[in-house]
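Taking it in order: structure first as C-alpha cells, then the write-up.
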Protein chains: 2
Amino acid sequence: MASDASENISTSARRPTLATVASAAGVSMPTVSKVLNGRLDVSAATRAKVEQAIRDLRYVPVAGRARSEERFVEIVFDDLLNPYAAEIINGAADAGLGEGVTVIPKRHTGDTPREWARRVSASGRDGIIIVTSVLTSEQIARFREAGLPMVVIDTVNLPSAEFTSIGSTNFTGGVAATDHLLKLGHRRIGHISGPLTLACSVARRHGYRAALDRAGIYDPIEAMGWFSYDTGVREASTWLGRPERPTAIFAGSDQIAFGVMEAARLAGLRVPEDLSVVGFDDTYAAASTSPPLTTVHQPLKEMGELAVRTLMRLRAGEPVASHHVELATRLEVRASTAPVR
Amino acid sequence: MASDASENISTSARRPTLATVASAAGVSMPTVSKVLNGRLDVSAATRAKVEQAIRDLRYVPVAGRARSEERFVEIVFDDLLNPYAAEIINGAADAGLGEGVTVIPKRHTGDTPREWARRVSASGRDGIIIVTSVLTSEQIARFREAGLPMVVIDTVNLPSAEFTSIGSTNFTGGVAATDHLLKLGHRRIGHISGPLTLACSVARRHGYRAALDRAGIYDPIEAMGWFSYDTGVREASTWLGRPERPTAIFAGSDQIAFGVMEAARLAGLRVPEDLSVVGFDDTYAAASTSPPLTTVHQPLKEMGELAVRTLMRLRAGEPVASHHVELATRLEVRASTAPVR
DNA sequence: CTGAAAGCGCTTACAG
DNA sequence: CTGAAAGCGCTTACAG
C-alpha cells in the first residue's frame with residue numbers, strides 16, 4: 001500500500017502539485033502530465049501507478065492548459081427560480097455545448113457596479129449574459145471598461161443602443177392574443193397588464209388596443225398589477241362580479257392568467273364555456289393547467305441560444321448585424337379559449 | 001491612439017499574452033499582472049494605459065492564479081427543463097456561493113462512462129453531482145478511478161452503499177398525503193403511481209397503503225403510469241366515470257395531479273367540492289393552479305444545497321456521516337382538498 | 001509606484 | 001514508453 005507515504009504528504013498544508021504526484025508515483029512530471037491529459041503513450045502499469053497516486057493525494061490540476069482552454073460565460077438572473085430561468089439556461093447550455101463554451105448561471109448578488117465588473121473580469125470569464133435585470137448605464141460602462149463582452153436578454157425594457165440585446169415581439173404577441181379572441185366572437189375582452197413601468201407591459205397592452213381598434217371596439221377594459229397569480233385573482237374577480245362582465249380576458253403573463261382561472265372558479269364560472277382566458281409566456285406550467293392554457297409563446301430557449309452565439313461573436317471581434325434582435329412570439333392555442341356563447 | 005500598433009498585434013494568429021499587453025502598454029509584465037488582479041499599488045495613469053491595451057488586444061488571462069483558485073462543481077441532469085432542475089440548481093448555486101464553489105449545470109450528453117469520467121476530470125472539476133440519473137456501476141467505478149468526488153441526488157431509486165446519495169422521505173410523504181384525506185373523512189381514495197420500476201413510486205404507494213391499513217381500509221384503488229399529465233387525465237377519467245367513484249385521489253406527482261384536475265373538469269366534477277386531489281413534489285406550478293394544489297413538498301432546494309456541501313466535504317477528505325441522507329417531505333395543504341360530502 | 005529577477009506549475013518537443 | 005531540458009504564461013517578493 002502506498003497509503004503510508006501519501007498520507008504524510010496529503011496532510012501537509014500545501015495542495016499537491018504535479019511534482020508531488022510524480023515523486024509519490026515514482027515517475028517523472030511529464031509522465032504524470034501525459035496521464036492527466038489522456039495521452040496514449042503511457043504503459044498500463046505506469047498509468048495505474050499514477051492514477052493511484054492522484055487518488056491518494058486527491059490531486060487536482062490547477063492551472064494547466066487543459067483547464068485554460070475552456071471558455072466560460074456567466075448568465076445572470078435576478079431570480080434563478082423564475083420559470084423563465086430554466087428555459088433560458090436550457091437554451092444557453094445547448095448553444096454552449098455547440099460553441100465549446102461552459103455556461104454558468106448566477107443570481108445577481110447586489111455587488112456595486114464596479115465590484116461586479118471586477119469580479120467577473122478577474123475570474124477570467126469570456127463574457128456575460130444578463131437576463132431582464134435592471135441594468136444601470138454605470139454598470140454598462142464598467143463592463144465596457146473591463147473589456148468584457150456583454151449581451152442582455154430583455155423581454156421587459158425598450159432596447160438601448162448602448163449594448164447588444166435580445167428581446168421578443170411583445171406588441172405582435174398582444175395583437176395575436178386579442179385577434180384570436182375576436183375571431184372567436186368575443187367583444188367584451190378584458191386585459192390585465194403587468195406593471196406599466198415595464199416596456200413589455202406597455203407593448204402588450206398596445207397590441208391589445210390595436211387589435212380592438214381594428215375591430216371597431218373603442219372601449220378597452222383594462223387593469224394592471226404585478227406579474228402574479230394574486231393580481232389575476234384580484235383584478236378578474238372585480239370584473240366577474242359585474243353583470244356586464246367580460247366574456248374573455250387576455251392576461252399579461254401566464255401567472256396572471258392562472259389567477260384569472262382561479263377567479264373564474266371562485267365566481268362559479270367555467271373556463272372556457274363562460275370565460276375564455278389567454279396568457280403570455282408559455283412557460284412549462286401552461287400546458288398542464290385545467291384546462292390547458294391558450295397563451296403567447298415566448299421563444300426563451302432560442303433567446304438563450306442566440307445570446308451565447310452573439311456573445312461569442314462579440315468576443316471574437318466579429319461584427320453583429322444589429323444592437324437589438326427580437327425573436328418572434330407565436331400564439332399557442334389550447335383549451336382555455338372557446339367561441340363566445 | 002494606440003490602435004495602429006494594437007491592431008497589428010491583435011490580428012496575429014496567437015492570442016495575446018501578458019507580455020503582449022505589457023509591450024503594447026509600454027509597461028512591465030508585473031505591472032499588467034497587478035492591474036489584472038485589482039492591486040492598488042498602480043498609478044491611475046498606468047492603470048488606464050494597461051486597461052486600454054487589454055481592451056484593444058481583447059486580452060483574456062489564461063492560466064493565472066486568479067482563475068485557478070476557483071473551484072468548479074458540475075451538476076448533471078437528464079433533462080434541464082424538468083421542473084425539478086430549477087429548484088435543485090437554485091439550492092446548489094446558493095450553497096456554492098457560500099462555499100466559494102462555482103456550480104455548472106449540464107445535461108447528460110450520452111458519453112460512454114469512460115469518456116464522461118475522463119472529460120469531467122480533465123476539465124479540472126472538483127467534483128460532480130448527478131441528479132436522478134440512471135447511474136451504472138461501471139460509471140461509478142470510472143469516477144472513482146478518476147479520483148473524482150461524487151454525490152448523487154436521487155429521489156427515485158433505493159440508496160446504494162457504493163456512493164454518497166441524497167434523497168427524500170417518499171414513504172412518509174405517501175402516508176402524510178393519505179392521512180390528510182382520511183382526516184377529511186374520505187374513504188374511497190384512489191392512488192395513481194408513477195412507474196413501479198422506480199423505488200420512489202413503490203415507496204409512495206406503500207405509504208398510501210400503510211395509511212389505509214391503519215384506517216381499516218383494505219381495498220386500495222390503484223393505477224399506474226408515467227409521471228405525466230396524460231397519465232393523470234387517463235387514469236382518473238376511468239375512475240370518475242363509475243358510480244362508485246373515488247371521492248379523493250392521491251397522485252404520485254404534481255404533473256399527474258394536474259391531469260387528475262383536468263379529468264375532473266372533463267367529467268363535470270368540481271375540485272375540491274366533488275373530488276379532492278393531492279399531488280407530490282410541490283414544484284413551482286403547484287401553488288398557481290385553480291384551485292391551488294395540496295401536495296407533498298420535496299425539499300429540492302435543500303437537497304441541492306446539501307449536495308454541494310457534502311461534495312466539498314468529500315473532496316477535502318473529511319468523513320461524511322452516512323452514505324445516504326434523506327431530507328423530510330412535508331404536506332403543503334392548499335385548496336384542492338376538502339371534507340368529503 | 002515600477003520592474004528585473006526568481007520562481008511556480010505545467011506542457012512540449014525530442015533524444016534515447 | 002520514459003524523462004532531462006527548455007519553455008510558457010503568469011505571479012511573487014523585493015530593491016529602488
Side-chain angles (χ1 to χ4, degrees), chain A residues 9-10 12-54 57-72 118 121-126 146-147, chain B residues 9-10 12-54 57-72 118 121-126 146-147:
Chain A
I9 296 170
S10 74
S12 86
R14 300 174 56 80
R15 67 186 290 170
T17 68
L18 244 203
T20 330
V21 175
S23 92
V27 300
S28 70
M29 281 169 50
T31 301
V32 178
S33 175
K34 284 170 193 167
V35 170
L36 246 23
N37 293 296
R39 292 282 151 72
L40 298 171
D41 56 342
V42 181
S43 72
T46 305
R47 182 183 299 277
K49 270 194 303 183
V50 171
E51 284 175 343
Q52 185 61 49
I54 288 172
L57 296 168
R58 298 179 212 292
Y59 169 75
V60 182
V62 74
R65 297 241 168 142
R67 166 172 281 193
S68 67
E69 286 301 327
E70 192 171 8
R71 305 203 155 171
F72 292 99
R118 184 156 291 171
S121 147
S123 58
R125 303 292 185 247
D126 297 282
Chain B
I9 296 171
S10 76
S12 85
R14 300 174 58 79
R15 68 186 292 171
T17 68
L18 244 203
T20 330
V21 176
S23 93
V27 300
S28 71
M29 281 171 49
T31 302
V32 178
S33 175
K34 285 170 193 168
V35 171
L36 245 24
N37 293 295
R39 293 282 150 72
L40 298 171
D41 56 343
V42 181
S43 73
T46 305
R47 181 184 300 278
K49 271 195 302 183
V50 171
E51 282 174 345
Q52 186 61 48
I54 288 172
L57 296 168
R58 299 178 211 293
Y59 169 74
V60 182
V62 72
R65 298 240 168 144
R67 166 173 278 192
S68 67
E69 286 301 327
E70 192 172 8
R71 306 204 155 172
F72 292 99
R118 184 155 291 171
S121 150
S123 57
R125 304 292 185 247
D126 297 281

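Chain identifiers are assigned alphabetically (A, B, ...) following the order of the sequence lines, protein sequences preceding nucleic acid strands; residue numbering begins at 1 within each chain.
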Expected rows: protein N/O vs nucleotides 1-5 of chain C N/O, under 3.5 Å:
unit_1	atom_1	unit_2	atom_2	d
C/dT2	OP1	B/Ser43	OG	3.2
C/dT2	OP1	B/Thr46	OG1	2.4
C/dT2	OP2	B/Ser43	N	3.2
C/dT2	OP2	B/Thr46	OG1	3.2
C/dG3	OP2	B/Ser28	N	3.2
C/dG3	OP2	B/Ser28	OG	3.4
C/dG3	OP2	B/Thr31	OG1	3.1
C/dG3	O6	B/Lys34	NZ	3.0

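- The shortest non-hydrogen separation linking B/Val27 to B/Lys49 is CG1-NZ, 4.2 Å.
- Shown here for B/Val50 and B/Ala25, the closest heavy-atom pair between the two residues is CA-CB, 4.1 Å.
- In DNA chain D, consecutive stretches of 3 or more Watson-Crick or G-U wobble pairs with both distances under 3.5 Å are given as paired ranges: C:1-3 with D:14-16, C:5-12 with D:5-12, C:14-16 with D:1-3.
- The side chain of A/Ser33 places no N or O atom within less than 4.0 Å of a non-bridging phosphate oxygen (OP1 or OP2) of C/dC10.
- Taking atom C1' on both C/dG3 and C/dG7, the two are 16 Å apart, rounded to the nearest angstrom.
- Residues passing the side-chain contact (heavy atoms from CB on, under 4.5 Å) test with B/Lys34, sequence neighbours excluded: B/Arg39, B/Asp41, B/Val42.
- In this structure A/Ala19 satisfies the side-chain contact (heavy atoms from CB on, under 4.5 Å) test together with A/Thr17, A/Met29, sequence neighbours excluded.
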